[in-house]
Structure formats: C-alpha cells, structure tokens
Amino acid sequence: MNQRVLVASNRGPISYQFGADGSLTGRRGGGGMIAGVTDGLAALGDEASVTWICAALSDADRVIARREGGPRDEDGIPVRMLDIPPDVFGRAYNNVANSALWFLLHQLFATPDQPQFGAGFRRDWDAYVAYNEMFADALFQEAGAQEAAGDLRILVQDYHLCLVPRLLRDRLGGAAQNAGVGYFCHTPWAPPDYYRMLPADIARALLDGILGADQAGFHAARWATAFMDCCAELLGADIEKAHNERPGARLAAAGRVSGPAGRVTYRGHVTEVAVHPLGVDAPALRERARAGDVRAHAGVLRQAAGDRKLIVRVDRTELSKNIVRGLAAYRELLATRPQWRGRVVHLAFAYPSRSELTEYRVYTERVRQLALEISGEFSTPDWNPLILEVKDDYPRSLAACALADVLLVNPIRDGMNLVAQEGPVLSERGCALVLSREAGAAATLAADALLVNPFDITETAEALHQALVMSDEERQRRSAALAATAAADPPARWLGDQLASLAR
Ligand code: F6P
C-alpha cells in the first residue's frame with residue numbers, strides 16, 4: 001500500500017436511518033457521484049488507504065457522527081461524518097448548493113423571478129463558507145495524520161465544496177506541495193454570461209476556491225471550456241486551452257473524449273483542467289441484473305406491457321431531468337401517430353428527490369398530474385399507455401432497462417448521465433437511445449443515439465417514433481456500440497486517471 005487518498009463529498013457512501021425500535025441501519029448513498037467514487041475506490045484495492053469525509057445528512061447520521069470511531073462503508077472504507085450544525089447545513093445545502101448553484105450550473109432559473117440575491121442569501125452564503133471551512137479543517141486534520149505515510153491525494157467532489165481546495169491549500173501552506181488536490185465537478189458548468197448572474201464577489205470566490213486545486217475535472221469538454229471561460233472573464237486568470245478546444249470536441253487522439261482541456265494560472269498557482277467522462281462497470285452491472293430480484297421485476301413488467309413496445313425512463317424527479325417535457329413528447333407521439341395507440345407502453349420511473357425544496361414538490365405534482373392526463377386521454381379497457389412509478393426501486397429500474405425497446409433520457413442539462421449508459425449495457429434485445437444533446441454523455445454517445453433538443457417536444461416525439469420504427473438489426477447494432485462506449489470509461493479508469501494525473 002503506497003497511496004493515501006482522502007475523498008470529500010457532501011453525501012457520503014453510507015447514510016443512516018432510525019428503525020421503528022430506534023436502532024440505526026446504514027444504507028449505501030445514492031446518485032452518480034457516489035457510484036463512481038465508490039466503484040473507483042474499490043478497484044484500487046490494497047494499493048491505497050482511503051478515508052472518506054462527508055456531511056452527516058440526518059439526525060441518524062448525527063448520532064453516528066458523535067460516536068467514537070466512525071463507520072465504514074459497504075467496502076470497508078472508513079467514513080468520517082461531519083456533525084455540521086443543522087441550521088448551517090440546511091442553509092449551505094438547500095439554499096446555496098441546491099437552490100442557487102445547482103440551478104445556476106444547469107441553467108434552470110426562470111429568470112423573470114429567479115434568482116434573487118438579497119440579504120437572506122448573504123446569510124446563506126456565510127453558512128456555505130462555514131460548511132466548506134469545516135470540510136477543509138477535517139481534511140487538514142486527516143492530511144496531518146497521514147503525512148508520514150507516503151503520497152497523499154485529496155479528491156474533492158462537486159458544487160457543495162467549491163471553496164474547499166483553496167481553504168485547504170491555505171491551511172496546508174508549504175506542505176501543499178506534497179499533496180495532490182483534485183476537484184471534480186459532476187454537474188455541467190455554466191458559460192460566463194449565465195454564471196455572472198451570481199453576485200460578483202461570490203462568483204469570483206467559487207472560481208478562486210476551485211483554483212486552489214492542482215486539477216479540476218469535468219465529465220465533458222464543454223463544461224471544462226465554460227469553466228475556463230468564467231476564470232478568464234471573471235477573474236482575469238491566464239488561460240491556456242488545449243488545442244482542438246471547441247465545445248464537444250474530441251480532446252484526445254484515438255477518438256476518446258477525455259484528456260487535458262487546458263490550464264488556468266491564477267495567484268501564482270497552476271490548475272490543470274481535464275475531461276474525465278464517467279462510464280459504467282459493465283460486467284458488474286450485468287452480474288447484478290442476473291440476480292433473482294431483478295428477474296422477478298422483469299417478469300412483472302413484461303406481463304404488464306404484454307407484447308407491446310416499451311419506452312423506458314428512469315430518473316430522480318429532478319428539475320434538470322425534464323420529465324414534464326418527456327411526458328409531453330409521449331403525449332404528442334400518441335396524438336400525432338395514432339398507429340402507436342395500443343402498441344406501446346411508457347414506463348416512467350420518477351423517484352423522489354429534494355422534497356425539502358418547494359420547486360421540487362411542485363414539479364413532482366406536475367409530473368403526476370400530466371401522467372394522469374395522458375392516461376385519461378388515451379387509456380382503453382385493455383391498454384394502459386403510461387405506468388408512472390414514484391417509489392425508488394433499484395432492481396426494478398435495472399429490469400426496466402433490460403427490457404426497454406427505447407430509452408428516453410432528455411435532460412435540460414446534465415453533467416454526464418449514467419442511465420443513458422446503463423440502459424444499453426443492460427439491454428437484452430438492444431435498445432434505441434433518445435438522448436438530449438445537453439447531457440454530458442452526448443459527447444461520447446452521439447454517434448449511436450438519436451440526439452434531441454430537450455426543449456423541442458415535437459422533435460422528441462419524432463425521435464421516439466424513429467426509435468420505435470428502427471429495424472431490429474439497426475437497434476441492436478447501435479445498442480451494442482453504445483454499451484461498448486459506456487464500458488470504455490468504467491469508474492476504475494475514471495478515478496485511476498485522476499489519481500495518475502495528480503501524481504504527475
Ligand atoms: O450530479 C452530481 C450529483 O452529485 C449526483 O451524483 C447526485 O445525484 C446529485 O448531484 C446530488 O444529489 P443529492 O442532493 O441528493 O446528494
């Protein structure tokens with residue numbers, strides 16, 4: 001074992017719940033970032049000693065955080081949960097990270113009304129700073145504890161922790177030279193014209209925070225480019241872009257959409273900007289899909305659909321996922337192409353997300369309402385055109401992907417998108433992928449997907465039609481090519497590449 005790795009993220013690899021009897025049970029954290037980092041770390045095996053620092057997200061987590069000796073995740077990695085005061089955590093996570101930064105980076109604001117940065121937001125921002133400081137303090141402590149033990153790599157994840165790399169560099173002082181600090185952005189990044197909606201000092205502080213890292217990683221070249229453009233325009237930083245740097249460009253030879261995107265020099269420090277698309281661990285995913293629980297769900301779904309074609313979507317009910325327009329496109333398909341009535345079923349899995357936020361509760365209700373309208377409009381005694389499931393069920397999601405004839409992934413904007421990659425890997429008979437051009441995954445999957453403008457409902461309906469009429473042969477060919485692309489950047493490679501370039 002010669003490598004020390006510290007990971008920092010808001011959500012950790014394990015989180016706890018109280019049972020009815022007050023006992024505590026741990027469950028693996030959800031989401032693409034957790035899946036990527038967990039599987040990437042698992043592949044390091046004995047080569048690294050890892051500690052993962054995360055926030056206590058619930059009262060149950062706080063009980064664990066206050067105990068002597070932290071928990072371990074499912075792979076045995078020690079987890080240090082930070083007991084952040086609930087008010088500070090709520091303001092930082094809900095009000096800044098999720099209500100301001102998430103909307104900004106995905107360009108989701110309905111701008112006639114939002115955002116509004118007043119005195120209340122300044123208090124929330126102070127909490128975001130305090131929350132980032134708590135992470136930097138914890139990392140600094142862990143770094144000190146591990147100093148003697150060889151190479152140290154620190155991997156900071158996501159928009160919750162933008163300030164951490166700079167805060168950590170300040171704390172480490174000269175010792176920073178012995179540690180490689182990486183920051184990875186799992187979301188899109190917004191171009192300067194949109195990004196500068198933030199108050200100027202906050203916009204600069206976030207960029208400056210990330211530039212404390214030695215390396216800033218993104219899933220797609222266009223997000224890396226937008227980030228560098230923001231650094232140039234808002235900070236006046238010195239930017240050196242790797243050539244071939246137009247949005248969506250293939251950065252490396254041999255057709256891989258990964259590699260260096262450029263470098264930013266600011267305050268005397270150089271941050272390498274790189275593109276590392278995150279794909280899937282195809283063998284592990286297929287193995288999981290062979291399990292009895294997935295097979296049982298597949299049987300039930302197949303029976304519900306009969307011999308009809310299946311259009312599948314699997315998402316959190318997240319505003320960026322564009323579920324409402326996806327349903328509207330399905331409605332338009334049935335309205336304008338009556339030949340599909342009775343011959344297709346749409347399985348729409350829209351799992352709960354961020355229900356603390358009003359916008360998400362309202363959006364969830366719109367999804368439910370629209371689904372009811374579609375069923376009311378087209379159902380017949382022996383055909384239910386739409387099955388909306390809102391209860392999170394991972395094995396059922398895998399089963400639906402395995403059976404899909406068409407997979408619909410139409411986000412308004414998405415850092416990468418794992419479902420677009422998991423679907424073809426899991427597909428039994430080949431699936432056609434209708435994919436938003438605004439997903440980071442479009443950079444790798446474009447050649448074999450049917451790309452759509454996510455705002456264009458008519459174009460999406462037409463793409464669904466094209467996907468449904470595609471010959472078996474073409475669907476299988478495209479699906480196999482999509483699966484091969486998704487499998488080319490497994491988490492082990494995604495994380496390994498980052499660690500290797502930090503070592504350089
Ligand atoms: O898109 C980046 C990401 O970290 C996802 O991995 C994750 O699903 C989301 O953002 C954060 O979600 P949550 O607020 O539920 O932790």
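Both ligands and their constituent atoms are indexed starting at 1 by order of listing.
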Hey, which atoms in ligand 1 end up nearer than 4.0 Å to a heavy atom of R354?
9 (C), 11 (C), 12 (O), 13 (P), 14 (O)

Atoms of ligand 1 less than 4.0 Å from R316 heavy atoms?
8 (O), 9 (C)

For H186, atoms of ligand 1 separated by under 4.0 Å from a heavy atom:
1 (O), 2 (C)

Scan residues 360-370 for pairs that pass salt bridge (Lys or Arg N to Asp or Glu O under 4.0 Å), counting only residues two or more places apart or in two chains.
E365-R368

Interfacing atoms of ligand 1 (cut-off 4.0 Å, heavy-atom, D158):
2 (C), 3 (C), 4 (O)

Can you sort out which atoms of ligand 1 are near Y93, meaning under 4.0 Å from one of its heavy atoms?
13 (P), 14 (O), 15 (O), 16 (O)

Ligand 1 to Y159, heavy atom cutoff 4.0 Å, flagged ligand atoms 10 (O), 11 (C)

From CG (L451) to CG (L433), nearest 0.5 Å
8.5 Å

Option with minimal heavy-atom separation from atom 6 (O) of ligand 1, where the choices are Q157, H106, M33:
M33

Nitrogen or oxygen atoms of R11 and ligand 1 under 3.5 Å apart
yes

Ring-face cation of R313 near F349 (centre distance under 6.0 Å, axis angle within 45°)
no

Under a 4.0 angstrom heavy-atom cut-off, which atoms of ligand 1 come close to W102?
1 (O), 10 (O)

Hey, mind stepping through F184 and W494 against ring-ring contact (aromatic ring centres under 6.0 Å, His included) and telling me if it holds?
CA-CA 11 Å; F184 201 92; W494 173 76; 5.0 Å; yes

Judged by atom type as modelled, is there a donor-acceptor pair below 3.5 Å linking the side chain of N453 to the main-chain atoms of F455?
yes

Holding to side chain to side chain contact (heavy atoms under 4.5 Å, CB included), I want the full list of residues that pass it with L105, two or more places apart in sequence or in another chain.
Y159, T187, W189

From CA spacing to verdict: salt bridge (Lys or Arg N to Asp or Glu O under 4.0 Å), R28, D73
CA-CA 7 Å; R28 180 173 162 155; D73 76 359; over 6 Å; no

By number and element, which atoms of ligand 1 are closer than 4.0 Å to a non-hydrogen atom of G32?
6 (O)

